Structure formats: C-alpha cells, structure tokens
Amino acid sequence: MNIIDIICKKRDGGKLTRDEIEFFVKGYTEGTIPDYQASALLMAIFFQKMDKEETFLLAEAMRVSGDVIDLSDIKGIKVDKHSTGGVGDKTTLVVAPLAAACGIPIAKMSGRGLGFTGGTVDKLESIPGFRTALEPEEFLGQVNTIGISVIGQTAHITPADKKIYALRDVTGTVENLSLISSSIMSKKLAAGSDAIVLDVKCGDGAFMKTFEDACALGKTMCEIGESAGKKTVAVITDMSQPLGNAVGNSLEVIEAIETLKGNGPEDITELSIRLAGVMIFVGGKASSPEEGQAMAKAALEDGRGLEKLAAFIKAQGGNPEVINDYSLFPQAQISTEVTADADGFVEEIKAERIGLASQHTGAGRQSKEDAVDLSAGIYVKKKVGDQVSRGEVIAVVYGNDEQKAATGAEEAKKAFRIGNSPVEKPVLIKEILGL
Ligand code: URA
C-alpha cells in the first residue's frame with residue numbers, strides 16, 4: 001500500500017477502505033509517513049469529507065493506536081465529559097469537581113488548545129506545580145482516593161490522535177465533522193469511562209458554526225459511543241460569543257474558581273450546573289437530569305465543589321493556595337484596554353475573533369513547538385445584550401509583548417458590534433441528544 005495513492009484517492013473524492021485508514025493511522029503514528037503527506041491527506045479529507053463508515057473506522061484505528069485504559073478497579077459508573085472546543089470554555093474546571101462532589105468518579109483525559117480554542121490541559125498547567133502527566137497507577141489511585149483526576153493525553157493513549165491533533169492545529173484542518181468526531185471519540189473510548197457527556201459547541205466560536213452542523217456532529221459522536229456500548233449524550237450549547245468573561249489560560253482558571261465560589265458569570269454557572277446534572281444522572285446518582293442539576297447546584301452553593309477542586313489541585317502537585325491568592329498565577333506585564341466607539345447595546349461579539357486575538361497575544365500556539373504564555377488572554381467585560389457608553393472599557397487584553405498585545409486589542413475591538421437597539425441574550429442550551 002502507498003500513502004500517495006491514498007492521498008490521491010481521497011483528493012479525487014474516493015472512499016477509503018479499512019486497510020487504507022489503518023495504514024495511514026499506523027504509518028503516521030510510527031513516523032513512517034511524514035508530516036507533509038499526513039497534512040496533504042488531512043486536507044483532502046477536509047475538502048472531500050468522509051462518510052459515516054470511514055469516520056467510524058478512523059475513530060477505531062485511532063482508539064487502538066495505543067493503550068486502552070481499564071477503569072474497572074474504580075467503583076461506580078465513570079462518566080467522562082468532553083467539549084468540542086470553544087472560546088472561554090472553562091466548564092470542565094467547574095463541572096468535574098461538581099460531579100465528583102456528587103459521587104461521580106471522574107477519570108478524565110483532556111487536550112491542549114486547538115486552533116482558536118483553548119484546552120483544559122494548558123489551563124491546568126497555569127496552576128504552579130500542577131502535573132498533567134501522571135502514570136496510570138497514580139491516575140487510578142487518585143480517582144479512588146479523592147474521586148477526580150484529569151490528565152493530558154499520554155504518549156501511550158491514542159498516540160495517533162495526539163500527533164494528528166497537533167498537526168491539524170497548525171495546518172488549517174480542524175473544522176471537519178469526521179476529523180473532530182474521530183479525534184474526540186477515539187480518546188473517550190480509549191479512556192475507559194462507562195458513559196460520556198459531550199458539550200457540542202455551536203456558533204461563531206465553535207468549529208461547528210450552525211445548529212445543523214453541531215447536531216450532525218453530536219449525532220455522529222453519540223452513534224460512535226453507543227456502538228461501543230457506552231451511554232453517550234450530546235448537549236448542543238451556544239458558542240456565538242465567548243463563554244463567561246475570561247479567555248486565556250490563567251484568566252480562565254481564576255474565573256472557574258470564582259464560579260465555584262458562587263461569583264461566576266451567569267452563562268458559565270448555568271452551563272456547568274446543567275452539564276454536571278446530566279453527568280450525575282447518567283452516572284446513576286440521580287433519577288433525572290433535573291435532580292442531578294439540583295445536586296450540582298447544592299454542591300456549588302455549599303462549597304463542596306470548591307473543596308473538591310482544591311483537593312484535586314493538591315493531589316496533582318499544584319499549589320491549592322491559588323484558590324485564595326490569584327497573584328500566585330503567572331502574571332501578565334502588559335494590559336491594554338479596548339473601549340466602545342459608540343453608545344448602544346452589544347449586538348455581537350465574534351467569538352472566533354476573540355479566540356484568535358487571544359491566541360495572537362500568546363495564549364495559543366502558532367506552530368506545534370510553541371510554548372503558550374499562560375498569563376496572556378482577553379477579559380471580555382461586556383456581553384451580548386449589555387448596554388455600553390462611548391469610551392467605556394469593553395475588554396482588556398493581557399500579555400507580555402507590547403506589539404502582540406496591541407494587535408490583540410485591535411482584533412478584539414473588531415469582534416464587537418454595537419448597535420442602537422436592545423438585543424436578546426442567546427439561548428445557552430439548544431438541544432440535548434441521546435438522553
Ligand atoms: N477536541 C478534540 O479532542 N478534537 C478535535 O478535533 C476537536 C476538539
């Protein structure tokens with residue numbers, strides 16, 4: 001078999017066979033297929049798409065490219081949660097401790113930033129000392145003792161996705177239903193949980209811009225999950241504007257902590273409680289998602305969620321004092337204010353543009369080898385529907401490079417559209433599939 005033939009076949013709209021998909025996944029993982037040929041094939045898939053059968057085969061080939069975790073030593077129904085990626089999406093940092101505080105064992109593998117979206121692993125690494133690489137015994141032991149552990153993708157689990165994900169991040173091949181669903185589901189199935197709750201983002205700051213595309217992605221992932229015998233639920237949620245106010249790694253961790261203290265933005269708080277409610281229900285600790293929601297809300301209000309976050313940070317080598325002292329996070333040396341050009345109402349905040357602006361200030365990667373600036377990012381002070389006055393600060397850009405921060409501020413300003421009439425806030429939870 002020859003990779004050039006496979007590239008040409010897909011380029012010309014052909015359907016790849018199981019053998020061809022396995023040949024590509026194995027060859028790229030082992031290094032016999034170089035980046036440039038893998039990039040060409042990914043771009044061909046991006047334009048020509050894959051059908052359902054090819055997508056399932058790709059997910060399976062990536063799932064078995066490395067170890068598959070056995071969580072059977074952990075008691076209870078293990079529930080995983082995954083977001084398809086958004087701007088300002090720090091929900092895992094809130095949802096995981098809330099669900100864990102309600103008795104759901106959380107053994108989670110998370111990703112790094114991808115394209116204009118952030119990743120939980122980069123965010124967690126902004127906590128001084130926090131380790132996202134744990135050996136399997138430590139990972140499982142921690143879930144058994146404190147009920148929660150979140151690790152980065154190791155070299156042993158879905159190494160194919162690890163390499164393909166990093167390549168897609170820098171080759172403009174992220175926004176494709178088959179590539180996203182196989183990437184997410186290969187990891188989720190290899191990570192060994194019994195049930196999976198997917199937060200499928202929809203709108204300008206998501207990879208799926210329309211409701212129809214987000215539903216199609218959610219449906220495909222539910223089918224992949226169910227075919228592997230895992231209860232899989234997809235919650236389609238709004239990403240037309242950044243989620244919460246903070247975008248960027250340490251800024252988002254601080255916002256997640258504030259949310260667990262009960263002071264979080266409305267949208268993050270509502271979404272976290274809804275997602276945790278679904279997890280608590282599918283994990284068998286509540287008789288309905290509504291009851292699960294009430295349990296998650298109680299854990300937020302009485303501080304059990306925050307306590308769980310502190311225990312989780314400590315167990316993974318992080319300094320739990322960050323919860324009370326935000327100066328322990330990496331600090332940006334530069335902050336640049338973005339002001340409104342007119343009186344009126346915020347009609348739109350283009351989330352992708354904010355995500356890109358944040359990435360350009362240093363919060364994301366431009367090439368595979370880039371380190372991220374954990375203190376960089378954007379604090380969005382006004383959200384859709386808010387009234388603003390001319391000259392009022394609508395966002396603050398943080399970074400450590402004058403030029404990058406200035407460009408970030410210009411970009412951030414372009415993301416805002418201010419109009420004369422009041423506008424409705426977008427509906428946060430649009431649909432739930434698979435419940
Ligand atoms: N999250 C993933 O893990 N993979 C994707 O392709 C997109 C979001």
Side-chain angles (χ1 to χ4, degrees), residues 25 28-29 38-39 41-43 45-46 49-50 54-56 58-63 65-66 69 80-93 95-96 108-124 132 150-154 157-193 196-209 213-214 216-222 224-225 232 234-237 239 243 275 351-352 355 359 364-365 368:
V25 170
Y28 185 55
T29 311
S39 308
L41 181 58
L42 290 170
M43 193 55 90
I45 293 171
F46 184 92
K49 305 192 169 47
M50 281 180 143
E54 289 173 292
T55 306
F56 273 50
L58 182 60
E60 179 59 9
M62 294 207 291
R63 180 183 78 86
S65 65
I69 304 184
D80 204 345
K81 175 257 166 198
H82 198 93
S83 156
T84 56
V87 177
D89 182 9
K90 68 283 293 172
T91 43
T92 289
L93 302 173
V95 169
K108 181 164 164 46
M109 198 169 71
S110 284
R112 296 194 178 276
L114 184 66
F116 56 87
T117 69
T120 304
V121 167
D122 292 331
K123 291 172 207 187
L124 286 170
T132 54
V150 179
I151 54 169
Q153 210 170 339
T154 70
I157 306 159
T158 54
D161 176 64
K162 192 171 186 186
K163 280 192 84 174
I164 295 173
Y165 187 94
L167 190 63
R168 285 169 56 219
D169 189 22
V170 292
T171 54
T173 50
V174 173
E175 297 94 334
N176 173 275
L177 186 147
S178 298
L179 295 177
I180 297 175
S181 54
S182 56
S183 161
I184 293 177
M185 293 311 291
S186 63
K187 285 189 288 256
K188 297 296 100 180
L189 296 179
S193 281
I196 303 159
V197 175
L198 300 160
D199 179 4
V200 182
K201 300 289 184 197
C202 162
D204 186 75
F207 298 129
M208 295 293 137
K209 307 289 183 205
D213 285 350
L217 177 63
K219 185 165 174 280
T220 302
M221 291 195 292
C222 285
I224 297 175
T232 309
V235 185
I236 316 289
T237 70
M239 187 33 80
L243 194 60
L275 289 172
E352 179 171 357
Q359 189 187 20
R365 294 174 185 79
K368 279 202 297 180

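Just so it is clear, the model here is predicted, and its values are computed rather than measured. In each ligand, atom 1 is the first atom listed, and ligand 1 is the first ligand listed.
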Just jot down the ligand 1 atoms closer than 4.0 angstrom to any heavy atom of Lys187, in number order. 2 (C), 3 (O), 4 (N)
Give the residue and atom name of whichever protein heavy atom lies nearest to atom 7 (C) of ligand 1, and the separation in Å to one decimal. Leu114 CD2, 3.5 Å
Crowding at NZ, Lys219 (>12 non-hydrogen neighbours, <6.0 Å): no
Taking the side chain from Lys162 and the backbone from Thr29, do they hold a donor-acceptor pair closer than 3.5 Å? no
So the atoms of ligand 1 within less than 4.0 Å of a heavy atom of His82 turn out to be 1 (N), 2 (C), 3 (O)
the protein heavy atom lying closest to atom 4 (N) of ligand 1 turns out to be Ser183 OG, 2.7 Å
So which heavy atom in the protein is nearest atom 8 (C) of ligand 1, and how far is it from that ligand atom? Thr84 O, 3.2 Å
Which option, Leu179, Leu217, Ile184, owns the non-hydrogen atom nearest atom 1 (N) of ligand 1? Ile184
Output yes when a side-chain donor or acceptor of Gln153 lies under 3.5 Å from a complementary backbone atom of Thr158, and no otherwise. yes
Assess the side chains of Ser186 and Asp161: does a donor N or O sit below 3.5 Å from an acceptor N or O? no
Nearest non-hydrogen partners of Lys209 and Asp204, listed with the distance: NZ-O, 2.7 Å
